[in-house]
Amino acid sequence: MNRLTGIIIAVSGVLVAVLGFTKVLPNLGWTGIFLILLGGLLFGLSFIPMPQALESEPMSLPEKLLKMFYAPTEVFKNLRRYPSFLGVILIMSVISGAYTYAFFQRVTPERITNHTIEKLAESGWVPADQMEKVKQDTLEQNSNPIARVGQSVNSFIGLVFLMAFLGLVFWLITLAFGGQINYFQAIAATAYSFFPIILIQKSLSLLILFLKDPSEIHPILGQTTLLQDSLNFLIAPSASPVLYTLLSSFGLLAIYWIWLQATGLKNTGESVSPTAAWASAILIWVFGLGLGVVLALVFGNFMS
């Protein structure tokens, strides 16, 4: 973590926020705010000591990404001494951003916007007299290239904060189980555990996106994935959003992620038992399942 980098990003965020909110760079005001937050996060993380870099040399980013598919343990052991993670988070953001761009082009911003506003109106979150204006504003944002760039930057920043938060949770759970792991090691293990999942999920979804009739693609659910590797194929999302969400958590990629995360914590940490590693991964999976159920209860109509 470079303290100067955090300061530069925060200052850049102030400039982007000013230009965004003054309409010089429309739709980028909040992107500037998020850049300020990212700079603050990196600045704060720079005060946390890194583990001593001994033993082996650090792997290059391409080598680590490739070996995550056939030698993940080797990657995690290298991350024990060199726990970098911003590079892999950036790669995951680019992959996700590329899929999102292709999805909007294929399904069209108009259909996505109409479906979203229709569901907001059904929920009563958009007054009838304001619906047309909200629809036009949303369509403009979904179609504007500058706004799309801002959304991509926001997604990257959001992913950095998500990995930092999950790393903190894994760090605390591992310590509670008697393990020994540095906070940066926990973040690195978490970020690299997600990489194979994101690459497989988005790559196959991209293939399905161009093979499937766009009219058959759900304009909301499809933005995350089109891959059906879980038990959610047993029920339509409109029939029972909660049950659909529950079944979505039981899939091949979910099992693969739990194994990767447990392997990562065990080999990236200094002294983490298999019990602590597996318990940490399963607890977060259960938490994610619960969060998904809550969101399905609140936003269930968006899935119809």
Side-chain angles (χ1 to χ4, degrees), residues 8-42 85-120 125-126 131 133-166 191 194-195 197-199 201-203 205-206 209-210 214 217-227 291-292 295 298-299 302-303:
I8 293 174
I9 291 176
V11 172
S12 301
V14 172
L15 178 60
V16 172
V18 170
L19 294 176
F21 288 124
T22 56
K23 305 301 182 181
V24 176
L25 292 175
N27 302 308
L28 291 185
W30 282 104
T31 299
I33 298 297
F34 294 144
L35 283 170
I36 294 171
L37 294 175
L38 176 61
L41 175 66
L42 298 182
F85 49 84
L86 288 178
V88 69
I89 293 176
L90 179 60
I91 296 296
M92 289 191 290
S93 298
V94 170
I95 293 171
S96 298
Y99 171 72
T100 300
Y101 176 80
F103 184 88
F104 271 73
Q105 294 297 110
R106 180 75 167 159
V107 181
T108 73
E110 290 79 10
R111 182 168 171 240
I112 295 170
T113 300
N114 290 338
H115 181 88
T116 303
I117 300 304
E118 176 187 331
K119 296 306 176 183
L120 286 172
W125 294 343
V126 177
M131 190 167 70
K133 181 180 184 305
V134 172
K135 181 186 291 187
Q136 291 299 324
D137 291 344
T138 305
L139 179 59
E140 180 185 353
Q141 189 170 30
N142 287 337
S143 306
N144 190 312
I146 296 178
R148 299 296 300 155
V149 171
Q151 290 170 3
S152 298
V153 175
N154 295 346
S155 297
F156 166 68
I157 297 171
L159 194 56
V160 173
F161 273 90
L162 177 62
M163 293 298 112
F165 171 73
L166 290 178
F194 272 101
F195 170 72
I197 309 301
I198 295 295
L199 182 59
Q201 185 186 76
K202 300 303 182 183
S203 298
S205 293
L206 190 63
L209 178 65
F210 287 99
I217 297 174
H218 196 288
I220 300 296
L221 296 179
Q223 293 183 41
T224 302
T225 180
L226 294 175
L227 182 64
L291 180 60
L295 292 176
V298 178
F299 303 103
F302 284 83
M303 303 170 71

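We're numbering straight along the sequence, starting at 1.
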> Does any part of the side chain of R111, heavy atoms only, come nearer than 4.5 Å to the side chain of N114, both counted from C-beta?
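A side-chain contact is absent here, since even the closest heavy-atom pair is not under 4.5 Å.
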> Considering residues at least two apart in sequence or located in another chain, which fulfil the side chain to side chain contact (heavy atoms under 4.5 Å, CB included) criterion with S155?
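Checked S155 against side chain to side chain contact (heavy atoms under 4.5 Å, CB included); zero matches.
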> With the side chain counted from C-beta on, respond yes when Y99 and I198 share a heavy-atom pair under 4.5 Å apart, and no when they do not.
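In short, these two side chains do not touch, never coming nearer than 4.5 Å.
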> Distance check, rounded to the nearest 0.5 Å: S152 atom OG versus I157 atom CD1?
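One finds 11.0 Å between OG of S152 and CD1 of I157.
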> Between S143 and E140 (side chain of the first, backbone of the second, donor and acceptor by atom type, cut-off under 3.5 Å), is there such a pair?
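Not a single qualifying donor-acceptor pair exists.
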> Atom NE2 of H115 and atom CD1 of I117: how far apart are they, to the nearest 0.5 Å?
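Answer for the NE2-CD1 pair, H115 versus I117, is 11.0 Å.
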> Do L162 and L159 touch side chain to side chain, with heavy atoms closer than 4.5 Å?
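When only atoms from C-beta onward are counted, L159 and L162 do touch, with a gap below 4.5 Å.
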> Looking only at heavy atoms, what is the nearest atom pair of I9 and G39, with distance?
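Reported closest heavy-atom pair: CG2-N, 3.8 Å.
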> Could I get the full list of side chain to side chain contact (heavy atoms under 4.5 Å, CB included) partners for Y101, not counting sequence neighbours?
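Checked Y101 against side chain to side chain contact (heavy atoms under 4.5 Å, CB included); matches are Q105.
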> CD1/I112 to CD1/I220 distance, rounded to the nearest 0.5 angstrom?
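That separation rounds to 7.5 Å.
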> How close do S205 and T225 get, counting heavy atoms only, and between which atoms?
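Of all heavy-atom pairs spanning S205 and T225, the closest is OG-OG1, 3.0 Å.
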> Minimum heavy-atom separation for I95 to F195, with atom names?
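For I95 versus F195, the nearest heavy atoms are CD1-CE1, 4.1 Å.
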> Any side-chain heavy atom of T116 sitting closer than 4.5 Å to one from P219?
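Contact flag for T116/P219 side chains = no.
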> Holding to ring-ring contact (aromatic ring centres under 6.0 Å, His included), I want the full list of residues that pass it with F194, two or more places apart in sequence or in another chain.
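Listed in chain order: W257.
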> Between the side chain of K202 and the main-chain N/O of T224, is any donor-acceptor distance below 3.5 Å?
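A pair under 3.5 Å: yes.
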> Could you tell me which residues satisfy salt bridge (charged side-chain N to carboxylate O under 4.0 Å, His left out) with K133, sequence neighbours excluded, listed by chain and number?
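Result, salt bridge (charged side-chain N to carboxylate O under 4.0 Å, His left out) vs K133: D137.
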> At what distance, to the nearest 0.5 angstrom, does CD1 of I146 lie from OG1 of T31?
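Between I146 CD1 and T31 OG1, I get 11.0 Å after rounding to 0.5 Å.
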> Using every non-hydrogen atom in the two residues, find where F161 and L37 come nearest and quote the distance to one decimal.
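Here F161 and L37 meet closest at CZ-O, 3.4 Å.
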> Nearest heavy-atom pair of F210 and R106: which atoms, and what distance?
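Here F210 and R106 meet closest at O-NH2, 3.5 Å.
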> How long is the span from the CG atom in L35 to the CG atom in N154, to the nearest 0.5 Å?
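The CG atom of L35 sits 8.0 Å away from the CG atom of N154.
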> List in chain and number order the residues that pass side chain to side chain contact (heavy atoms under 4.5 Å, CB included) with F21, two or more places apart in sequence or in another chain; answer none if no residue qualifies.
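With sequence neighbours excluded, F21 shows a side chain to side chain contact (heavy atoms under 4.5 Å, CB included) to A17, W30, I33, given in chain and number order.
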> What's the shortest heavy-atom distance between V88 and A191, and which atoms?
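Looking at all heavy atoms of both residues, the closest pair is CG1-CB, 3.7 Å.
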> Nearest 0.5 Å, what's the CG-NZ distance between L28 and K23?
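Going from CG on L28 over to NZ on K23, the span is 10.5 Å.
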> My understanding is that only residues two or more places apart in sequence, or in another chain, count here; which of them pass side-chain hydrogen bond (donor to acceptor under 3.5 Å, both in side chains) with Q151?
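In terms of side-chain hydrogen bond (donor to acceptor under 3.5 Å, both in side chains), with neighbours along the sequence ignored, Q151 is linked to R148.
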> Is there a side chain to side chain contact (heavy atoms under 4.5 Å, CB included) between V153 and V16 once you walk through the steps?
CA-CA 12 Å; V153 175; V16 172; over 6 Å; no
